[in-house]
**Student:** 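If you scroll down you'll find the structure; I have some questions about it.
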There are 2 protein chains.
Amino acid sequence: MSITDAVKRVIVGRRLASAQLGETLLPKRIALPIFASDALSSVAYAPDEILVTLSLAGMVGYGFSIPIGIAVGALMLVVVASYRQTVHAYPNGGGTYEVVTTNLGPTGGLMVASSLLVDYVLTVAVSVSSGVQNAEAMMPFIQGHEGIVAAVVIVFLMTVNLRGLRDSGAFFAVPTYLFIAGVGCMVVWGLFQMLVLGHPLRAETAGYTAVGTSSYDPLTGFAMIVLLARTFSSGCAALTGVEAISNGVPNFRKPKSKNAATTLLMLGVIAVSMLLGILAMARMTGIKMIDPSSGSYFVTPDGRHITTGATTVMGQLGRAVFDPSFPFGFYFLVTMTMVILFLAANTAFNGFPTLGSILSRDGWLPRQLHTRGDRLAYSNGIMTLAGGAVVLVLVFNASVTALIQMYVIGVFISFTLSQYGMIKHWTRHLTTETDRGARAAMKRSRVINAVGMVMTACVLVIVVLSKFLHGAWLAMLAIAVLFMMMQQIHRHYDQVREETSNIDPSDLALPSRVRAVVMVNTLNKPTVKAIQFAKATQPSELVAVTVAVDPDETAEVIAEWEANDLSVPLRVIDSPFRQITQPFLDYVRAMVSENPRDIVCVYIPEYVVGHWWEQILHNQTALMIRTRLHFMKGVMVTSVPYQLRSSKILMDRYRARERDRARAVVRR
Amino acid sequence: MSITDAVKRVIVGRRLASAQLGETLLPKRIALPIFASDALSSVAYAPDEILVTLSLAGMVGYGFSIPIGIAVGALMLVVVASYRQTVHAYPNGGGTYEVVTTNLGPTGGLMVASSLLVDYVLTVAVSVSSGVQNAEAMMPFIQGHEGIVAAVVIVFLMTVNLRGLRDSGAFFAVPTYLFIAGVGCMVVWGLFQMLVLGHPLRAETAGYTAVGTSSYDPLTGFAMIVLLARTFSSGCAALTGVEAISNGVPNFRKPKSKNAATTLLMLGVIAVSMLLGILAMARMTGIKMIDPSSGSYFVTPDGRHITTGATTVMGQLGRAVFDPSFPFGFYFLVTMTMVILFLAANTAFNGFPTLGSILSRDGWLPRQLHTRGDRLAYSNGIMTLAGGAVVLVLVFNASVTALIQMYVIGVFISFTLSQYGMIKHWTRHLTTETDRGARAAMKRSRVINAVGMVMTACVLVIVVLSKFLHGAWLAMLAIAVLFMMMQQIHRHYDQVREETSNIDPSDLALPSRVRAVVMVNTLNKPTVKAIQFAKATQPSELVAVTVAVDPDETAEVIAEWEANDLSVPLRVIDSPFRQITQPFLDYVRAMVSENPRDIVCVYIPEYVVGHWWEQILHNQTALMIRTRLHFMKGVMVTSVPYQLRSSKILMDRYRARERDRARAVVRR
């Protein structure tokens with residue numbers, strides 16, 4: 001089993017054939033990087049967004065970065081503690097969607113699903129945008145073209161995923177560890193230089209003064225509180241992806257739950273340490289960030305105004321710590337940051353179609369997305385995701401600051417509902433559990449989940465209130481629209497099921513006779529094939545029908561008909577207004593009403609071609625007639641395909657795809 | 001017969017049922033406005049473009065407006081004389097495309113057709129843009145939004161034409177006569193005021209000085225010659241539409257050819273008089289026009305610079321002549337100008353799809369566009385035309401000056417080829433004609449057509465040379481692309497015909513047996529219907545096949561199958577990788593190769609629904625399977641439609657459309 005599948009299962013919470021599973025269980029050291037790229041990558045942009053938001057209050061704001069970081073870190077540990085309960089409760093793995101559906105019913109599950117779908121799109125947009133901004137630290141010429149560059153990266157990820165990613169454990173594990181190592185070295189070496197060697201490290205923005213648009217009034221302070229709330233909300237982006245491990249429990253080596261819980265704790269500790277380490281270094285090196293679009297600007301020591309944004313925190317830190325003595329360290333850090341951000345985006349390309357497939361199984365999305373083997377399902381999902389993300393990065397020109405206003409809402413909706421589901425889970429189990437020790441453990445778990453729920457719900461409220469007008473409304477609208485759309489689809493499927501089930505004796509009545517009609521335009525090989533096929537079915541009556549649109553053409557068809565001995569009568573229908581479809585439909589309708597107990601079977605010769613543009617040149621009338629015939633009761637429509645030589649091209653391509661697909665499937 | 005049809009026939013040159021024709025032959029007084037709106041409307045913008053182009057040379061340029069007008073008028077009379085020969089030679093009416101195809105072969109005809117198709121798009125764009133600019137004289141708030149307003153007008157014309165225009169003779173005749181009357185009154189009343197009453201009339205731009213970008217050097221003069229050539233080319237827009245009458249000869253009362261020739265002469269005289277009258281009035285009232293986008297500007301008497309374009313010539317003249325004493329005259333003139341321009345655009349909405357239908361009949365365009373009665377054909381043509389014109393007016397912001405650079409090329413290609421075709425026509429007839437009088441007449445006609453050909457060919461060269469870099473290259477590229485595309489389509493149809501004709505005895509071999517397969521997903525009413533229909537055809541073998549994607553669902557299908565006595569075996573195909581399409585196709589492929597002399601008939605139950613979004617929710621897998629089955633020889637695919645309740649909505653809509661269509665067709 002490849003890692004791609006492991007990631008899929010993480011989100012899906014569903015088993016493959018057990019025969020395949022035993023041999024591929026993951027040790028903690030491999031599971032951590034697989035499930036952590038999303039969660040760890042967000043520490044690459046969370047510090048930037050904390051500093052950018054604080055800059056609205058000017059120089060005074062930056063003083064709050066460490067407290068905000070500690071608050072985010074504390075929240076992260078609470079969420080980790082909560083999800084450790086889920087890990088123990090669902091040792092077979094429970095995707096958030098499935099845990100919530102089980103405990104809160106389908107409406108709750110659907111709300112989580114809508115939130116997750118929207119958040120997948122934002123994960124791609126935010127991660128890729130941040131990756132591009134980090135790349136700018138190395139490649140300044142990107143500046144001004146961020147939107148296009150990000151769109152190209154997304155299209156590249158889409159293409160790779162459409163072709164089927166041939167990845168391995170190392171592909172995910174190596175860059176994740178290199179990223180952790182890079183940030184660790186940067187922090188340790190930086191602190192060593194400053195605290196032990198006494199070298200003061202200065203970031204490129206250290207000498208600047210940031211001028212913001214909010215003012216800090218110590219007496220009323222309300223504006224500052226609002227600003228801190230917004231900063232905290234932006235910092236909460238660091239929590240995205242934490243839930244991944246809890247869903248992937250079945251992939252861990254035994255004892256599964258224990259190992260998964262330990263890995264989760266490790267993830268939490270590493271993420272919090274990185275976040276706080278980066279924030280501390282940023283403070284010590286004097287990094288300042290601004291959001292030029294909000295009206296903030298820098299003043300340089302010599303009095304110039306700078307109204308463009310600064311390099312990313314990671315880029316500035318890398319340069320300050322490594323650049324003079326060890327430039328490789330800078331390039332390494334920035335490259336690894338970029339790679340892990342693109343990898344994080346890539347996980348969404350697995351998660352989105354997989355969740356789509358589950359939703360489809362439950363009847364919330366078109367059913368044809370369900371069958372996992374069919375290329376169609378995943379292709380549609382991958383393209384929808386990429387399309388949404390490309391629109392976002394182009395509209396917001398890949399500005400993480402703008403995109404992050406929409407992010408996090410979905411994550412916290414699913415956190416909160418997931419914790420609420422866990423409370424219900426424990427309460428339900430407590431009604432049957434009699435063992436005192438087990439009861440005590442359950443009650444303790446319930447308390448942890450309750451704390452988690454209260455905290456995440458509060459954060460959700462803070463996020464909604466502080467970001468609503470800045471863009472969160474758009475994400476909420478998207479979630480609501482998805483929610484209603486999926487409900488509508490479900491209702492439709494229910495109606496159809498109700499309408500088509502309950503087979504009664506009248507459905508089993510056998511039609512008395514089959515009367516066959518062959519549609520004839522010209523008498524050529526495809527038509528002859530249709531006639532011979534129709535004859536082979538031995539209908540009670542067989543007639544060929546042509547519509548007389550052009551007198552010359554009709555005369556020619558009749559002459560050819562007589563020249564070839566087809567032993568089928570040709571009926572010519574008059575068309576005073578030179579239509580084809582209408583007179584033919586009228587003819588069939590008359591046949592049906594003549595004898596309603598018979599079936600009329602209409603044979604249509606169809607051309608099979610190899611190029612899309614050839615497709616436009618053929619079968620259009622046939623398509624229209626078939627569509628319209630479908631509305632008549634007692635009629636069935638048979639296509640008799642005639643393979644033109646050019647169809648070989650397309651057939652060969654289909655065959656090649658089948659082989660590729662089969663090979664890819666076997667390898668999993 | 002309505003006027004719409006008359007206009008169609010003008011372009012098509014083709015008869016309706018003769019029974020209908022006798023009662024509706026047109027007297028000259030009705031035929032003139034029907035066939036003249038396009039040709040006369042161009043005198044509304046030709047003077048503007050002459051003055052705008054001359055303004056590049058500054059004040060000195062305007063002095064050439066009358067000589068240029070006389071040259072255009074002379075050319076118009078030559079073209080009229082040439083087409084009078086066509087009228088006599090083709091008393092049954094010959095569309096330019098058909099005359100050229102007959103005399104010069106299909107390549108010439110195709111070149112004319114490509115030119116005409118491109119010119120139809122430009123007719124719509126230019127006429128509507130000019131109409132909007134004239135409307136600005138009354139409604140100044142349009143300024144700055146010309147592109148959008150023009151696009152809205154085009155979409156309105158499209159909608160009207162898609163719904164089927166219910167027009168009458170008066171609808172075309174009245175505004176055309178009112179326009180002629182309006183311009184006539186304006187010229188006569190203006191001259192009377194100036195020459196008899198001695199009132200000097202001054203246009204609003206009379207006091208301005210125009211500063212151009214070209215300089216007139218009397219010694220070398222080359223720049224001026226180039227400029228005059230460009231001006232003449234722009235003025236030639238006045239000639240568009242002249243050929244209409246020659247194509248509509250069969251619609252005239254007897255003696256057809258004579259009446260048509262007289263009407264053509266009347267049209268020429270009226271158009272030339274109007275053009276020269278307007279140019280003379282413009283000169284006398286001191287009208288100046290500039291093209292701000294080329295860098296020209298106005299200087300007012302008090303020294304201000306004006307860099308926006310002036311009101312249209314028609315608007316300025318109307319104001320100068322009527323405004324102080326009789327403002328109604330101004331509004332009337334401008335409104336009629338606008339209306340006739342929109343009517344001219346509307347004629348293209350008939351001409352374009354009709355020409356498309358003819359090209360389709362001859363195998364140059366997709367064949368389904370041929371059948372005139374089918375709504376599809378005309379809808380596609382109308383929407384293509386509107387789409388192209390909307391793009392043009394939006395890209396060029398409805399600037400007539402920009403659009404006219406592309407115009408006229410196509411008209412002169414078809415003029416030149418048409419005259420060349422006529423020369424061939426006379427030469428061919430001279431080889432057989434023995435009567436001396438007739439020979440003399442033919443020789444005289446051939447001389448006239450030769451003069452016409454030489455003149456139009458020279459103008460074509462002048463137009464191409466003087467406008468190529470200003471936009472004509474785009475029109476020529478479009479013509480070339482259309483030309484090659486239609487050749488490619490023709491080649492494809494030829495190949496297919498060659499591949500599918502010549503029915504040989506092997507085609508007549510009857511398959512030995514029919515083996516039927518019913519595709520089963522769930523056992524419901526649609527599936528039962530498919531099974532019962534399949535049974536009714538009494539195949540030699542009948543089997544129901546389901547793919548086991550989900551073990552629970554499969555178990556349910558098997559249980560239901562056993563509960564209902566369907567007397568058909570159910571085969572369950574294993575799908576190790578949870579695909580549906582692939583295992584099913586493999587199964588059918590195995591059946592076919594087992595016994596190649598049999599046919600396999602696959603029955604697919606299909607859901608018939610009423611809304612487009614419901615369509616997305618059903619039949620997708622069926623569609624994919626059907627598409628793939630078409631590539632297998634010896635397989636036919638039968639859709640057994642099951643009409644869900646919601647399908648009634650769509651069926652009712654189809655029925656209503658049929659009734660509308662039938663009514664519209666009968667009325668013609």
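Because the structure is a prediction, the values reported are computed rather than measured. Here is how names work: the chains are called A, B, and so on, in the same order as the sequence lines, proteins then strands, and each is numbered from 1.
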**Student:** What part of Pro511(A) gets within 4.5 angstrom of chain B, counting heavy atoms only: side chain, backbone, both, or neither?
**Tutor:**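 Interface part for Pro511(A): both.
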**Student:** Would you mind checking which part of Arg497(A) comes under 4.5 Å of any heavy atom in chain B, side chain (CB onward), backbone (N, CA, C, O), both or neither?
**Tutor:**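 For Arg497(A), there is no contact with chain B at all, as no heavy atom is under 4.5 Å.
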**Student:** Please check this pair: side chain of Gln643(B) against backbone of Met632(A), looking for a donor-acceptor N/O pair closer than 3.5 Å.
**Tutor:**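 Checked: pair present.
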**Student:** Measure the CG-CD distance between Asn524(A) and Glu499(B) for me, rounded to the nearest 0.5 Å.
**Tutor:**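 It is 10.5 Å, given to the nearest 0.5 Å.
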**Student:** Say you draw a straight line from CD1 of Ile531(A) to CG of Leu508(B); how long is it, rounded to the nearest 0.5 Å?
**Tutor:**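 So the gap between those two atoms works out to 9.0 Å.
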**Student:** Provide the closest heavy-atom pair for Asp507(B) versus Val528(A) in the form atom of the first, atom of the second, distance.
**Tutor:**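 Shortest heavy-atom contact: O-CG1, 3.6 Å.
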**Student:** Taking every heavy-atom pair that is under 4.5 Å apart, which of Arg626(B), Arg513(B), Gln495(B), Gln488(B) has the most such pairs with chain A?
**Tutor:**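 If we count pairs closer than 4.5 Å to chain A, Arg626(B) comes out on top.
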**Student:** Ion pair present between Glu553(B) and Arg361(A), side-chain N to carboxylate O less than 4.0 angstrom?
**Tutor:**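 So Glu553(B) does not pair with Arg361(A) through a salt bridge.
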**Student:** Give the intermediate values and the outcome of side-chain contact (heavy atoms from CB on, under 4.5 Å) for residues Asp504(A) and Lys525(B).
**Tutor:** CA-CA 9 Å; Asp504(A) 53 46; Lys525(B) 286 169 185 260; 3.6 Å; yes
**Student:** If I compare all heavy atoms of Phe631(A) with all of Leu650(B), which pair ends up nearest, and what's the gap?
**Tutor:**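 Looking at all heavy atoms of both residues, the closest pair is CZ-CD2, 3.5 Å.
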**Student:** Picking from Ile503(B), Leu566(B), Val547(B), Val514(B), which has the most non-hydrogen pairs under 4.5 angstrom with chain A?
**Tutor:**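 The residue among Ile503(B), Leu566(B), Val547(B), Val514(B) with the greatest pair count is Ile503(B).
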**Student:** Report yes if some heavy atom in the side chain of Leu644(B) is under 4.5 Å from a heavy atom in the side chain of Val496(A); otherwise report no.
**Tutor:**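 In contact.
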**Student:** Given that the side chain runs from C-beta out, which part of Ala530(A) has a heavy atom under 4.5 Å from chain B: side chain, backbone, both or neither?
**Tutor:**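 Neither the backbone nor the side chain of Ala530(A) comes within 4.5 Å of chain B.
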**Student:** Most heavy-atom pairs under 4.5 angstrom with chain A, which of Thr527(B), Val635(B), Asp598(B)?
**Tutor:**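 Highest number of pairs under 4.5 Å: Val635(B).
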**Student:** Identify which part of Ser639(A) has an atom lying under 4.5 Å from any heavy atom of chain B, answering side chain, backbone, both or neither.
**Tutor:**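 Answer is both: backbone and side chain atoms of Ser639(A) are under 4.5 Å from chain B.
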**Student:** Identify which of Lys529(A), Glu606(A), Lys535(A), Glu614(A) forms the greatest number of heavy-atom pairs closer than 4.5 Å to chain B.
**Tutor:**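 Option with the top pair count is Glu614(A).
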**Student:** Side chain from CB out, backbone as N, CA, C, O: work out which of these in Ser575(A) comes under 4.5 Å of a heavy atom of chain B, or both, or neither.
**Tutor:**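 Neither part; nothing is under 4.5 Å.
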**Student:** So, taking the atom named NE2 in His490(B) and the one named CG in Leu617(A), what distance separates them when rounded to the nearest 0.5 Å?
**Tutor:**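 Taking NE2 in His490(B) and CG in Leu617(A), the distance rounds to 12.0 Å.
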**Student:** Is the count of non-hydrogen atoms from other residues, nucleotides or ligands lying under 6.0 Å from Asn502(A) atom CG greater than 12?
**Tutor:**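 No, not enclosed.
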**Student:** Can you name the residues that form a side-chain hydrogen bond (donor to acceptor under 3.5 Å, both in side chains) with Lys633(B), not counting sequence neighbours?
**Tutor:**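 Lys633(B): no side-chain hydrogen bond (donor to acceptor under 3.5 Å, both in side chains) contacts found.
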**Student:** Please confirm whether His630(A) and Tyr642(B) have ring centers closer than 6.0 angstrom.
**Tutor:**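 For His630(A) and Tyr642(B), the ring centres are not under 6.0 Å apart.
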**Student:** Quick check on Leu523(A) against chain B: is it the side chain, the backbone, both or neither that has a heavy atom closer than 4.5 Å?
**Tutor:**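 Leu523(A) touches chain B through backbone and side-chain heavy atoms alike.
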**Student:** Report which part of Val602(B) has an atom under 4.5 Å of a heavy atom belonging to chain A: side chain, backbone, both, or neither.
**Tutor:**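 For Val602(B), neither part sits under 4.5 Å from chain A.
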**Student:** Name the member of Glu560(B), Arg645(B), Met651(B) that forms the most heavy-atom pairs with chain A at distances under 4.5 Å.
**Tutor:**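 Highest number of heavy-atom pairs under 4.5 Å: Arg645(B).
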**Student:** In terms of heavy-atom proximity below 4.5 Å to chain A, should Ser512(B) be classed as side chain, backbone, both, or neither?
**Tutor:**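 Ser512(B) has no heavy atom closer than 4.5 Å to chain A.
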**Student:** Atom OH of Tyr607(B) and atom OG1 of Thr500(A): how far apart are they, to the nearest 0.5 Å?
**Tutor:**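 Interatomic distance, Tyr607(B) OH to Thr500(A) OG1, rounded to 0.5 Å: 5.0 Å.
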**Student:** For Arg628(A), is it the side chain, the backbone, both or neither that has a heavy atom under 4.5 Å from a heavy atom of chain B?
**Tutor:**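 Interface part for Arg628(A): side chain.
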**Student:** Quick check: closest heavy atoms across Ile599(A) and Phe533(B), and the distance to 0.1 Å?
**Tutor:**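 Heavy atoms only, the tightest pair is CG2-CE2, 3.2 Å.
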**Student:** CD1/Ile616(A) to CG/Leu365(B) distance, rounded to the nearest 0.5 angstrom?
**Tutor:**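 Result: 12.0 Å between the selected atoms.
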**Student:** Does any backbone or side-chain atom of Asn564(A) lie under 4.5 Å from a heavy atom of chain B? Answer side chain, backbone, both or neither.
**Tutor:**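 Just the side chain, heavy atoms under 4.5 Å.
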**Student:** Side chain, backbone, both or neither: which part of Gln538(A) has an atom under 4.5 Å from a heavy atom of chain B?
**Tutor:**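 No part of Gln538(A) comes within 4.5 Å of chain B.
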